[in-house]
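Here the structure comes first, spelled out in structure tokens, and everything after it is commentary.
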Amino acid sequence: MTLKIEKLSKAINKKWILSDLNIEVLQSECLAILGPSGCGKSSTLRLIAGLDKPTEGRIFINSVDVTNISPVQRKIGMVFQSYALFPHLTVTNNLSIGLKVRGVSTKEQKNRIANILSVMQLEDLADRFPSELSGGQRQRVALSRALLRDPFVYLLDEPMSNLDAQLREELRPQIRNLILKKQQPVLYVTHDQHEAMAIADRIAVLKEGKLQQIGTPQELYKKPKSIFVAGFIGRPQINILPATSGVVRAIRPEHINIVQEGIKCKLIDKEWLGLNQLLFLDSPLGKLKLLCGANNETFEDIEISWDPINEHQFNSYSGIRLT
Amino acid sequence: MNIILLLPAIFLLCLVFFIPLLRYFWLSLHAYSVSTGLELIPNGGVNWLRLLEDDRFWITTFQTVRFACVSVSVEVVLAIFIALLLDQKFKGIGIARALTLLPWALPTTIMALCWRWIFNTPNGPIERLISLVSNEPLNILSDPHLAWLATVLADIWKTTPFIALILLAGLQTISKDLYEAFRLEGGGKLQAFFTITLPLLRPYLLISLMFRLAQSFGVFDLIQILTGGGPAGSTESVATYAYINAMRFLDFGYSSTIILGGFIVLLLLSLFAMVFYVYSRKIFISKL
Amino acid sequence: MIRNKFLLIILLLWSLCPFFWQVYTSFCSSESILSPLLNIDNRWTLQNYIQLFTSEPPFWRYLLNSTIVGTTSTVLTLIIALPASYALTRINKVFATGFKLFFFIAALFPYVLLFLSLLEIARALNIGNNLFALSLPYASLSLPLAILLLSAAFNDLPKDLEEAAKIEGLGLFQRLRWILIPLIAPATASTSIIIFLFSWNEYPIALTWISKPELITLPVAIARIAGSSVYSVPYGAYAAATVLGSLPLIIIVLLFQKQIIAGLTQGAVKG
């Protein structure tokens, strides 16, 4: 099972919110669409789900052109950011309503719901209303609904953004295990680069409706194609040095070393991060951040250097990577 | 598909709003009464000329506007206080709000009958109280100067709670933080009312003013029951005058003309009010 | 705080006193109404009520008529207004604003002015003297406010819910029936009560459409009881009629105070 979009574009009021997007997601692959809010990532998902019509371009599910068919016929399993659980229905009824209208027999409905409830460890909550569930439980119900759909493609729209940080960490591997065991391609929309790197096989970075780069998390980290991607992937954020003769150099805080002889800097502030500490430096090249072990001794005067291999260079006008 | 769902509603609204107004216009250009044998006979603008020269129509219009303006302005001022009073939290406030709303929920005919008994001379409670201090009865409902005030009072009793509840809704949208911030700045309660409450309440005041002015322009039930338009036509409203022409004199052509004439007056007044509002707002903003 | 409670009591007295006066009068005999200070034997009486129930048609008939009209009008309004309100939130924004403005003006319009044309319609279609037909103008006149209130409620629903239902395979009417309409039940309840009150209380149209004594609605009946002359004094009977006519409404207001107030406030906030 595969998902492929070709030259997908969408304009609202003559403004392009998505232009010329080409992506292919393979069988049991998880692709994260990553970008800041308003970059067009949710619009992409809605176009694939069939909730909106593209201005241009085609969508193929299992090599069948589904651009003009309804959401139901596309067989999409979708998890909404808000979970979109029907507040007036119990967990069981939330799960059964779709089966009912699709003409699944009552007996089979029961079996399938019982099955999914046990897989998702929701048996005890079957008769509760969504308002009586915790955030994590709601998310599991929403996932169950998508799974019950037995879809061709899974679309997950920021499924973790309403959960607290600790719960997110707990759920990430669960989602990964659950969905990636399946044959279907998964499209995972998020604005959190950490989450995208943790969960996805590949990441597509979007900015203002345009695809910036698509690749594995490692590729994006090691060879960002543009300043934007470099700044978006990796925390703490990459240091961008002032442009000289049309070239912008960038170096990640974790790649800067403290040395005996190098660029002389002043330490202005530091943040302790547990395993590491983040130093804020004032250098001849401007302000720099440096990530080093928490136990390193730090002095007010510090000298630094880095391996040129770790340095990224971009065209200062276009922001595109040089070689 | 979505438009189809709207069609029945639009059809019905055309049936009860547009077609009647067109029909009135058509009828107003015809003689159409018992004396024409209920035949439609085109008579040019005769009805309209008659309307222009009909003193009773103009007096009636004046009385209607007077009724609307006086009762609505008193109602709004009272309603602000009532809304402030009802904007508290304690046990039973829900019941208190419901009970204040009761006059609004009763049929106008019932409440008009109540007030007719209260204003009754000489057996109503008001006249009885008066008789304790004076030998002269007030004759409220048969004195042209008092009768219209009686209709205003009854209207105030009925509709003030309605406005109060709309304003209460407005009050409840105002964050209490604003008042606390204002108090920390050293502002007093009265100042807070004028600098926070009143400006933020304005959309609600505007809505209730518009709604009430338009509705009280069509006052009918209250007049019909409380005074029957009397004494000497001093409480007649446009609606009761049109009603009498249609149902008592059976002159449908002229009745239609009165209704349209009243409607035009209402439109002009609303237009005037709107211009006034926009203009006063500009002045208000430029002063700030 | 004590001052506020005191003012609140004054307010309640002001709102309820005319009503208490009616209750008092309704139990008074004619003699005691005319001379309340005299000490007479037959001061209290049930005669006023007995008279109402033994007259032809009996008074409860009017209550029944009003209930019928109120109920049918409410149901009819909802049947038309619910889909229309949904549609209003789904069509092009510019059109929707236009429609809303139209509905708003229609809701403001003093409908009394329409009585003559509506009477003509009743005559032309020969549907006067029919309680069910009377709900037709009532529903039409209630539509603007109902649509404004209900479409505000539909608008407040998260869009996700309907989209999730779409993805689950629910068609338009299934979505309305199973998801959307149940979700705006509170707004529907408030709207229904306000429509019911309007239809129950409406006077000029009922006055002109219905002439058969056994079909007239409560407000018309009250007006008829009051109608003979402005200066006549059978006030005991009047008072009994107003008390009986008010009772159902008092019960409705006390039972549904939350919905009524929510409906009015919604109208104000969203209007």
Side-chain angles (χ1 to χ4, degrees), chain B residues 1-3 5-6 8-9 12-13 15-17 20 23-24 82 85 88 94 96-103 105-110 113-118 123 125 157 161 165-166 169-170 173 204 207 210-211 214-215 217-218 220-221 224-225 228 239 243 246 252 255-256 259 262-263, chain C residues 4 7-8 11-12 15-16 18 21-22 25 33-34 80-81 83-84 86-88 90-91 106 108-110 112-118 120 137 140-141 143 147 172 197 201 203-204 218-219 222-223 226 230 233 235 238-239 242 245-246 249-250 253-254 257-258 260-261 264-265 268-269 271:
Chain B
M1 184 63 202
N2 285 329
I3 290 288
L5 299 180
L6 268 167
L12 275 181
L13 287 179
L15 191 72
V16 300
F17 285 103
R23 175 75 180 162
Y24 282 144
I82 295 179
L85 204 55
Q88 315 175 45
R97 284 175 191 165
L99 287 177
T100 24
L101 194 60
L102 203 58
L106 292 183
T108 314
T109 53
I110 286 189
L113 194 56
C114 292
W115 283 95
R116 202 168 103 187
W117 171 219
I118 290 169
N123 294 309
W157 181 74
L165 269 171
I166 289 185
T173 61
Y204 301 87
I207 289 241
M210 279 198 296
F211 189 75
Q215 292 300 311
F217 190 84
F220 178 79
D221 319 17
Q224 189 87 335
I225 307 292
Y243 179 81
F252 303 113
S255 179
S256 305
I259 291 171
F263 182 53
Chain C
N4 281 349
L7 288 174
L8 202 62
L11 172 66
L12 287 179
S15 290
L16 299 177
W21 178 245
Q22 297 297 312
T25 309
I33 291 173
L34 292 177
I80 299 167
Y86 166 79
L88 205 57
R90 292 295 179 270
I91 58 172
L108 286 185
F109 190 84
V112 183
L113 298 182
L114 300 169
F115 81 94
L116 183 56
S117 271
L118 292 177
E120 281 201 307
S140 313
L141 292 170
L143 272 178
I147 292 178
L172 176 60
L197 285 179
N201 294 349
Y203 174 63
L218 179 80
I222 295 280
V230 181
V233 204
Y235 269 103
Y238 291 9
T242 56
S246 314
L249 290 163
I250 294 173
V253 167
L254 289 181
Q257 40 132 330
K258 274 202 186 111
I260 295 174
I261 290 170
L264 290 178
T265 31
V269 176

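Throughout, a chain's letter reflects where its sequence line sits, starting with A, and its residues are numbered from 1.
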Practice task
Starting from the C-alpha separation in whole Å, work towards a yes-or-no answer on side chain to side chain contact (heavy atoms under 4.5 Å, CB included) for B/Asp221 and C/Asn201.
Solution key: CA-CA 10 Å; B/Asp221 319 17; C/Asn201 294 349; over 6 Å; no
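- Comparing B/Thr108, B/Ile118, B/Val16 by heavy-atom pairs within less than 4.5 Å of chain C, the highest count is held by B/Val16.
- Residues B/Leu85 and C/Asn4 come closest through the heavy atom pair CD1-O, 3.7 Å.
- The greatest number of non-hydrogen atom pairs below 4.5 Å with chain B, out of C/Ala239, C/Ala81, C/Gly245, C/Ala106, is found for C/Ala106.
- The shortest heavy-atom contact between C/Gln257 and B/Ala98 is CB-CB, 3.4 Å.
- Chain B forms the most heavy-atom pairs under 4.5 Å with one residue out of C/Leu118, C/Ile250, C/Leu172, and that residue is C/Ile250.
- Residue contact with chain C, scored on non-hydrogen atoms closer than 4.5 Å, involves the backbone and the side chain of B/Pro8 alike.
- The shortest distance between side-chain heavy atoms of B/Tyr24 and C/Ser117 falls below 4.5 Å.
- Nearest heavy-atom pair across B/Ala239 and C/Val112 is CB-CG1, 3.8 Å.
- For C/Leu143, the part lying near chain B is the side chain, with the backbone staying farther off; criterion is any non-hydrogen pair under 4.5 Å.
- If you measure heavy-atom distances from C/Leu197 to chain B, the contacts under 4.5 Å come from the side chain alone.
- Residues forming a side-chain hydrogen bond (donor to acceptor under 3.5 Å, both in side chains) with C/Tyr86 (at least two apart in sequence, or on another chain): C/Glu162.
- B/Arg23 has its side chain within reach of C/Glu120: a pair of non-hydrogen atoms, C-beta onward, lies under 4.5 Å apart.
- If you take CD on C/Gln22 and CD1 on B/Ile110, they are separated by 9.5 Å, rounding to the nearest 0.5 Å.
- Contact annotation for B/Ala9: both backbone and side-chain heavy atoms come within less than 4.5 Å of a heavy atom of chain C.
- Rounding to the nearest 0.5 Å places CZ of B/Arg97 at 12.0 Å from CG of C/Leu12.
- With a 4.5 Å cut-off on non-hydrogen atoms, B/Pro161 does not touch chain C at all.
- If you tally non-hydrogen atom pairs under 4.5 Å between each of C/Thr25, C/Leu16, C/Ile147 and chain B, the highest count goes to C/Thr25.
- Rounding to the nearest 0.5 Å places CD1 of C/Ile222 at 8.5 Å from SG of B/Cys114.
- Between C/Leu218 and B/Thr109 the shortest side-chain heavy-atom distance does not fall below 4.5 Å.
- Contact of B/Leu101 with chain C is made through the side chain alone, with heavy-atom distances under 4.5 Å.
- Per-residue heavy-atom pair counts under 4.5 Å with chain C were compared for B/Ala246, B/Gly218, B/Pro107, B/Ala96, and the maximum is reached by B/Pro107.
- Annotation: side chain of C/Leu254 is not in contact with side chain of B/Leu102 (no heavy-atom distance under 4.5 Å).
- Within the 4.5 Å cutoff, the side chain of C/Tyr238 has no heavy atoms near those of the B/Trp117 side chain.
- Of the two parts of C/Ile260, only the side chain, counted from C-beta on, holds a non-hydrogen atom closer than 4.5 Å to a non-hydrogen atom of chain B.
- For chain B, the option among C/Ile91, C/Leu116, C/Leu249, C/Ile80 with the highest count of heavy-atom pairs below 4.5 Å is C/Leu116.
- Scanning all heavy atoms of the two residues, the minimum distance from C/Leu108 to B/Ala214 falls at O-CB, 3.3 Å.
- When side chains are defined from C-beta on, B/Gln224 counts as touching C/Tyr203, because their heavy atoms get closer than 4.5 Å.
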Problem - Full working for side chain to side chain contact (heavy atoms under 4.5 Å, CB included) between B/Phe17 and C/Leu141 - result: CA-CA 9 Å; B/Phe17 285 103; C/Leu141 292 170; 3.9 Å; yes
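- Expressed to the nearest 0.5 Å, how far CZ of B/Phe211 lies from CZ of C/Phe109 amounts to 13.0 Å.
- Using bins of under 30°, 30° to 60° and over 60° for the plane-to-plane angle, the ring pair C/Phe115/B/Phe220 lands in the parallel bin.
- Under the 4.5 Å side-chain criterion, counting only non-hydrogen atoms from C-beta, B/Tyr243 is not in contact with C/Pro204.
- Under the 4.5 Å side-chain criterion, counting only non-hydrogen atoms from C-beta, B/Leu99 is not in contact with C/Ser15.
- Highest contact tally toward chain C, considering only B/Leu6, B/Leu12, B/Leu15, is held by B/Leu6 [criterion: heavy-atom pairs under 4.5 Å].
- The closest donor-acceptor contact from the side chain of B/Asn2 to the backbone of C/Leu88 lies at 3.5 Å or more, if one exists at all.
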